[in-house]
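Single-structure report; data block below.
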Amino acid sequence: MSILQKIEEIEAEMAKTQKNKATANHLGGLKAKLAKLRRELIAPPKSGGGGGEGFEVTKTGDARVGLVGFPSVGKSTLLTKLTGTTSEVAAYEFTTLTCIPGVIHYKGAKIQLLDLPGIIEGAKDGKGRGRQVIAVARSCNLILLCLDAAKPAVHKRLIEHEMEGFGIRLNKRPPDVTFTRKDRGGITFSASVQTSLDVEQVKAVCGEYRIHNAAFHVRRECTIDEIIDVIEGNRVYLPCIYVVNKVDAISMEELELYDRLPHYVPISSNLDWNLDGLLEAMWNELNLLRVYTKPRGLFPDFDQPVILRNDKRHSTVEAFCNKLHKAIIHDLKHALVWGRSTKFNPQKVGKDHQLCDEDVLQLVKR
């Protein structure tokens, strides 16, 4: 029996099983089996030899954004309008057959935009080379999920289902669960908050993974699916913007229905409608910050900022130095900073100082 047939059997059994407290352990075990089979399905072949043409391109710039969607929703036109890169456009489906990269220059940042081939239903099972397409999407910092405003809104849920089957979680936070393997003691489960999970459900899942000794601690309400994600350990959590294209083809009443959709941006790539709004939404979701350099005795360079990720780990003076060259931090005496991150201007700071957007920084060597 093939892997796909096993997956179909488990999905059919889950569909006919009633969901209640008595069947929770059984359903948890089935979900764990399903996750293991999907991992085998999407894993690259181990045998040697040529694997065919791949879609991966070299990662460049400060961030990477992927255009994902069904065929003929306007991804190639959007790439051309945003980057100036020519991507073949035609009136038939599957015009784009490989990954087309382009670069967006916005607020001093270089953002790599990838036009990926259209995916079809069943892509998570390898149909239509969907395995390679979604594998490239895993390496992105942001997903632009392109939808055709004139087509059924159910396409959004279909694409999300394909992405989830490949271990990509869109607009979700990683589960706040600590998972520790042990040598003895069996399966222990504890929670800092009230949760619907219990140790028997977790034991049923662990039994499928042949984990007999482990400790789980939950700090936020989560489901058994998230426990499986923690055990698998290969899930990717990405921000996503739902780009509703071709809004010029629908009425205002239909457009108002899309307002209920979170993280959505309406555009018309043919008529250049709201492309600046899309760029601003991309900038906000990528969560980047700009730091300007100031040589000693000279004016700051406001033309070419250094782009950093806006989190505690990647927005320090040390991260700034490493972005320029990893040897700089060893010669750093202190830094002078002007901007919102300081109490007065300029302020002498150390390597652990957290920078803010549009700060000006001067490095002082030993």
Side-chain angles (χ1 to χ4, degrees), residues 55 65-102 104 111 113-125 127-130 132-134 136-137 140 142-166 168 170-171 238-285:
F55 291 149
V65 178
L67 288 166
V68 177
F70 283 119
S72 295
V73 294
K75 299 189 298 296
S76 298
T77 304
L78 185 59
L79 175 83
T80 303
K81 291 295 177 74
L82 292 179
T83 68
T85 303
T86 303
S87 183
E88 187 179 354
V89 179
Y92 53 86
E93 295 187 345
F94 299 106
T95 311
T96 304
L97 299 177
T98 187
C99 178
I100 309 296
I104 301 172
I111 303 171
L113 185 64
L114 302 181
D115 178 17
L116 298 171
I119 63 175
I120 61 174
E121 196 172 351
K124 65 181 184 303
D125 302 325
K127 294 182 180 178
R129 299 193 74 181
Q132 295 94 323
V133 175
I134 304 181
V136 176
C140 295
L142 172 67
I143 298 296
L144 296 185
L145 203 159
C146 297
L147 303 169
D148 190 335
K151 292 183 179 178
V154 72
H155 284 186
K156 167 184 173 290
R157 184 61 206 143
L158 290 175
I159 297 177
E160 287 178 337
H161 183 63
E162 300 300 327
M163 305 281 276
E164 286 178 2
F166 210 83
I168 298 176
L170 300 178
N171 293 328
L238 297 175
C240 175
I241 296 174
Y242 301 101
V243 181
V244 182
N245 195 12
K246 305 180 184 179
V247 293
D248 53 303
I250 61 174
S251 64
M252 286 299 297
E253 290 77 12
E254 292 173 307
L255 183 60
E256 286 176 359
L257 295 175
Y258 280 104
D259 282 333
R260 305 173 188 174
L261 187 68
H263 306 284
Y264 113 102
V265 176
I267 67 162
S268 174
S269 52
N270 275 329
L271 301 178
D272 294 350
W273 286 0
N274 201 30
L275 295 185
D276 53 345
L278 174 60
L279 288 173
E280 186 64 30
M282 288 169 55
W283 177 263
N284 293 334
E285 289 291 342

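Please read these numbers as outputs of a predicted model, since none were measured by experiment.
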Review point. Do the non-hydrogen side-chain atoms of Y264 and D259 ever get within less than 4.5 Å of each other?
Key: yes
Point to revise | Set of side-chain hydrogen bond (donor to acceptor under 3.5 Å, both in side chains) partners for E254, sequence neighbours left out | key: S251
Point to revise | With sequence neighbours excluded, residues passing side-chain contact (heavy atoms from CB on, under 4.5 Å) with D276 | key: N274
Review point. Between the main-chain N or O of L114 and the side-chain N or O of K75, is there a donor-acceptor pair closer than 3.5 Å?
Key: no
Review point. Given M163, which of L238, L158, I143 fulfils the side chain to side chain contact (heavy atoms under 4.5 Å, CB included) condition?
Key: I143
Review point. Looking at G74 and S269, what are the two nearest heavy atoms and their distance?
Key: O-OG, 4.1 Å
Check your understanding: Which of these passes side chain to side chain contact (heavy atoms under 4.5 Å, CB included) with L79: L116, I104, L67?
Key -> L67
Point to revise | Value rounded to 0.5 Å, distance of OG1 in T77 from CG in L271 | key: 11.0 Å
Review point. How would you list, by chain and number, every residue that makes a side-chain contact (heavy atoms from CB on, under 4.5 Å) with R260, sequence neighbours excluded?
Key: L257
Practice item. Tell me, please, which residues at least two apart from D272 pass salt bridge (Lys or Arg N to Asp or Glu O under 4.0 Å). Key: K81
Check your understanding: Who passes salt bridge (Lys or Arg N to Asp or Glu O under 4.0 Å) against E285, sequence neighbours left out?
Key -> none
Review point. So, do L170 and L145 sit near enough that their side-chain heavy atoms are less than 4.5 Å apart?
Key: yes
Point to revise | Residues in side-chain contact (heavy atoms from CB on, under 4.5 Å) contact with N171, at least two apart in sequence or another chain | key: P239, C240, Y242, H263
Point to revise | Atom pair CG (L147) and CD1 (I267), whose distance is rounded to the nearest 0.5 Å | key: 10.5 Å
**Study point:** Audit row: L278, L78, side chain to side chain contact (heavy atoms under 4.5 Å, CB included) steps and yes/no
**Key:** CA-CA 11 Å; L278 174 60; L78 185 59; 4.0 Å; yes
**Study point:** By side-chain contact (heavy atoms from CB on, under 4.5 Å) - contacts of P152 (at least two apart)
**Key:** V154, H155
Exercise for review: Before giving the answer on side chain to side chain contact (heavy atoms under 4.5 Å, CB included), spell out for Y258 and V247 the whole-Å C-alpha distance, their side-chain angles and the decisive distance to 0.1 Å.
Suggested key: CA-CA 10 Å; Y258 280 104; V247 293; over 6 Å; no
Review point. Closest approach of G102 and T83, non-hydrogen atoms and distance?
Key: C-CG2, 3.9 Å
Study note, to complete from the structure: Taking every heavy atom of V68 against every heavy atom of A137, the minimum-distance pair comes out as CG2-CB, 4.3 Å
Point to revise | Test applied, side chain to side chain contact (heavy atoms under 4.5 Å, CB included); reference residue, V265; option that passes from I241, N245, V244 | key: I241
